[in-house]
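See below for the structure under consideration.
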Amino acid sequence: MTGLSFARTKDGGSLRVWLLSLVMVPIVGIGAAAALEITSHISTVRSDQKVERIVQATVDINRVRADLQLEMLPALTGSLVANPQLRTALGLTPTQTQQLAATIAQVPKLRKSTDAALSTLAARTDLDSLGTRTQAQVKQLRATIDSGTYPHTAFEAGIEVLDTLSAAQNDQTAAAIRIGLDPASNRALIDLAMVTRAVQFAGEQTPFFVGAQFPGVVSPEATAQTLWVQAWGSYQAWSSAILEQTSASTRAVWSKAINSLVVKSVDDIWDQTTGKPTFVGTLPTLKVVLSDAQRNSALSGAQDYSVALVLDSARAQQTAATRALAIIVGLCLLVIAASLAAARWAQRALTKPLERLARQATEVSQGELIDVAISGPHEVRTVARGLSESVNSLRTIQAQAAAVAAGDLDSRVVATPVPGALGAVVHASVSRIVGAIRDRESAQNALAHRAAHDPLTELPNRGEALALIEGALHRAQRSGTQTALMFVDLDHFKAVNDKLGHAAGDAVLQTMSRRMKALMRAGDTVARLGGDEFVILLESVTDEGGCYRLAERIVAAAAEPIPVGQREARIGASVGVAICRDGNVDASRLLLEADAAVYRAKSSGRGQIAVFDEDLRSELADRIGLEQALVNALQRDEFVLHYQPLVDLNNASIIGVEALIRWNRPGVGLVGPDTFIPTAEGSALIDDIGQWVLEAATAQLAEWSSANPALNELTMSVNISGRHLCSAQLPEEVAHVLATSGVAARRLIIEITETVLVDSPIAKHNMKRLQELGVLIALDDFGTGHTSIGQLPSLPVDILKIDRSFVASDEPGNQDLLHLMVAAAHAFDLTVVAEGIEYEHQAHSLRGAQVETGQGFLFARPCSPSEVMEYLSSNPPRPGIGARTHSPRHAARPLQTFPATVVGDVSSLDSAGSGRHGHSAKTS
Ligand code: C2E
Ligand code: CA
Ligand code: CA
């Protein structure tokens with residue numbers, strides 16, 4: 001699963017890392033700048049420390065130098081005093097000599113001080129062992145002085161040591177200046193350097209002066225004198241330079257020092273005497289020597305002040321630098337901490353909403369339609385708002401899909417547009433789906449309507465009617481109300497079809513359905529069962545009389561002429577009413593009751609109304625009982641076939657047989673077809689019976705043929721009921737029995753009654769198909785129905801069976817009609833069979849009327865198969881009717897003479913009992 005993640009992505013680091021690096025850039029910058037600053041400050045501090053050390057070193061060197069001067073002068077002076085020559089030369093009084101000698105007593109004490117200063121100097125590691133070197137020199141110097149040899153040797157050695165120390169002192173000061181401190185410190189350093197020089201030169205004056213006192217002894221006498229003069233000059237020069245160039249405070253301190261009493265009194269003497277030989281050996285000279293230590297110490301005080309100034313300045317600088325360093329470091333830390341805090345805050349403020357958004361986006365991408373929180377920085381809010389809107393769109397789409405899935409197409413959400421291009425596509429898709437579903441629904445509705453309605457009248461059809469009746473009965477059962485069902489059967493409708501055509505028939509049906517609907521109350525239903533049969537369903541019937549009156553109005557409405565084009569159709573209606581009082585029957589039963597009622601209405605004359613009553617109920621019960629018994633009879637094989645021969649009227653030879661069904665009903669005996677065939681014809685039972693007859697009859701014919709080859713041309717006539725003829729399966733059934741029995745198709749004759757042909761295209765279609773199989777079709781009971789002779793050529797018929805009523809009738813009119821029918825049949829190339837011939841005179845007149853084939857008790861009654869065999873043995877067969885099928889209808893039919901043979905027992909339907917067919921029993 002590839003979800004959105006801000007923690008790590010393929011093409012970029014974490015946002016936190018980015019933010020941190022962003023913050024680190026200034027931090028590093030600040031750090032670098034601070035480091036530079038810190039380094040500079042540290043170096044400042046270091047320089048200050050160094051300067052302090054150097055200055056301290058000059059102080060230490062100065063102490064040694066000053067102490068050494070103090071120590072040297074009494075020693076030198078002492079050696080001077082010890083020399084009587086010099087004493088004289090100097091003109092020292094004994095008191096003065098004593099004074100000078102007293103200073104020598106101080107030497108051990110002064111040496112101790114010098115040693116202390118020297119050991120401090122020797123302890124320093126930064127002066128290239130100046131201290132130890134000086135210690136050695138000083139030891140040497142003291143030895144020279146103590147030996148009391150040549151004062152000038154000691155003087156020179158002393159001057160050398162002092163020079164070394166002064167040089168070291170000046171080097172240190174110069175080194176300090178070279179380090180380069182801040183201007184104030186530098187100023188102080190330069191001041192110090194100048195003061196040091198002045199002090200050094202001041203210190204050199206007395207030793208140089210004393211040195212200059214050894215004329216003749218000291219060979220480079222002039223040099224000591226020169227040095228003495230130079231030292232004084234240098235002192236004055238440095239002193240005036242100090243007063244001109246140093247800082248105010250240094251200047252003030254220096255000025256105070258040189259104007260102090262001790263310095264001024266000595267300086268005045270030097271000022272007046274320096275370089276003047278006369279001065280030697282004078283009092284002031286002595287004073288100078290005696291006051292030199294105080295003068296030096298006074299000037300050294302000024303030098304100490306300068307040192308203190310330098311140290312103060314350096315220390316102040318150092319402290320300032322340290323403080324600045326602390327401030328910079330602190331500031332840096334503060335800035336870094338602030339930056340990190342700001343980064344943390346920014347990260348929280350930025351990444352928190354972003355991470356939440358990323359999490360929500362992941363959830364959305366996984367199909368979770370969550371509530372997207374809109375918060376955080378502006379840009380994040382914008383993205384969140386976009387995501388939220390997407391989620392809303394997805395929700396709408398989801399709701400639309402759910403509504404479509406639930407079939408809630410009228411829901412407002414389905415019409416809600418979703419924004420954007422995707423929204424447009426989805427909206428278009430949803431609209432198309434909804435449209436397609438609506439189209440399909442309306443198509444389904446149309447189909448359902450078509451399946452449930454009669455296309456001609458737009459009334460509910462039979463199936464729908466049954467469903468509506470069923471619903472009404474359920475409601476009635478719950479409410480305890482009555483339901484009425486009227487069965488309306490139009491009278492003379494067939495005549496309209498025959499005379500005015502089918503379009504007229506359709507118009508009549510439409511007009512009648514309109515008229516009936518006009519008579520209905522709201523909630524009542526008219527339905528067309530088929531043909532000219534309608535039903536009217538009335539719910540919550542309170543008044544049975546009202547029901548009857550409605551039936552009367554329908555009869556009256558049907559009696560009104562119906563305009564059909566330029567003409568008028570006249571029909572009528574018979575109505576059967578069945579009332580269910582408690583809803584406690586099923587729809588088909590109620591329909592059956594109404595049907596039974598209308599059947600009664602029709603049989604009691606047309607335009608009548610009959611109500612289903614107790615008589616009808618028991619009749620119906622009988623019929624239903626009989627139907628059940630017939631079902632059982634089929635299963636238990638209780639049916640038998642009897643066969644009645646068809647004979648050639650001219651010679652009485654048998655040409656075929658007609659299969660006639662009987663029911664060997666247990667406990668009753670042999671029952672004739674008239675008692676059960678009409679009932680069987682009321683349902684599909686007749687199809688099963690017809691099939692059984694076809695199978696049994698063809699099997700019998702095959703058996704006879706195989707038993708007696710002479711019977712190979714014998715035909716078998718089978719009666720097929722009108723309903724069965726209309727069954728789509730009939731041709732296949734017939735083909736099947738022919739194939740099963742092996743009987744040639746031309747030997748099978750299917751007898752159909754003329755009434756069946758009324759308006760049944762399927763019947764005619766099946767007849768044609770049977771003819772195509774090679775089977776012959778006989779029109780039974782001809783003359784009793786509506787078929788006119790003129791219709792014969794259009795009918796798929798081969799044989800005409802003239803009804804028994806014409807044979808039996810003696811009326812001249814009927815005889816004429818019989819002649820006419822025969823002539824017409826022959827004209828249309830049909831074979832004529834006369835039925836019910838009982839007497840010879842009948843046979844005779846039929847022969848006269850050119851009827852070629854006859855059937856009747858005169859020749860033989862319907863009899864059992866074995867009786868047929870018996871009959872056949874005495875009446876050999878001739879080629880049957882089927883033989884003619886090979887020749888066209890107009891083949892010549894020779895008249896044959898009829899042997900006066902009478903067969904069978906007229907009094908009994910069944911020949912089974914009187915099976916003996918006494919051929920000679922009766923004669924006409
Ligand atoms: P149908 O097809 O007209 O059959 C001839 C009827 O006339 C037979 O009555 C027969 O016994 C009777 N009959 C024959 N010769 C004479 C005669 O000389 N005088 C008199 N009075 N009657 C004669 P049956 O067997 O009772 O059959 C009655 C009707 O039942 C038949 O009339 C036929 O329509 C029907 N039927 C018989 N068998 C079947 C069958 O297997 N299937 C169907 N669908 N109908 C059958
Ligand atoms: Ca028949
Ligand atoms: Ca008949």
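For clarity, every value in this text was computed on a predicted model and none was experimentally measured. All ligand and atom numbering here is 1-based and tracks the order in the structure.
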Any donor-acceptor N or O pair under 3.5 Å, side chains S705, R747 = yes
Mind checking whether F676 and W663 have parallel, tilted or perpendicular rings, split at 30° and 60°?
-> perpendicular
Counting only heavy atoms, which portion of E835 has something under 4.0 Å from ligand 1: side chain, backbone, both, or neither?
-> side chain
Contact partition for L858 relative to ligand 1, non-hydrogen atoms under 4.0 Å = neither
Using only heavy-atom distances, determine whether the side chains of H826 and E852 contain a donor-acceptor pair under 3.5 Å.
-> yes
Under 4.0 Å from any heavy atom of E838, which atoms of ligand 1 are there?
-> 17 (C), 18 (O), 19 (N), 20 (C), 21 (N)
Of the listed options T784, N719, I720, closest to atom 33 (C) of ligand 1 (non-hydrogen atoms) | N719
In D780, what N, O or S atom is nearest to the Ca ion (ligand 2), if we give its atom name?
-> OD2
Examine T753 and say whether one of its N/O/S atoms is closer to the Ca ion (ligand 2) than 3.0 Å.
-> no
Just heavy atoms, cut-off under 4.0 Å: does V693 contact ligand 1 by side chain, backbone, both, or neither?
-> side chain
Among the N/O/S atoms of E751, the Ca ion (ligand 2) lies closest to OE1
OD1 (D781) to the Ca ion (ligand 3) to OE2 (E835): angle, nearest 10 degrees?
-> 150°
Tell me which part of H724 gets within contact of ligand 1: side chain, backbone, both or neither, using heavy atoms under 4.0 Å.
-> neither
Check whether the side chains of H819 and Q850 place a donor and an acceptor atom closer than 3.5 Å, and report yes or no.
-> no
Polar contact flag, side-chain donor to acceptor under 3.5 angstrom, T457-D454 = yes
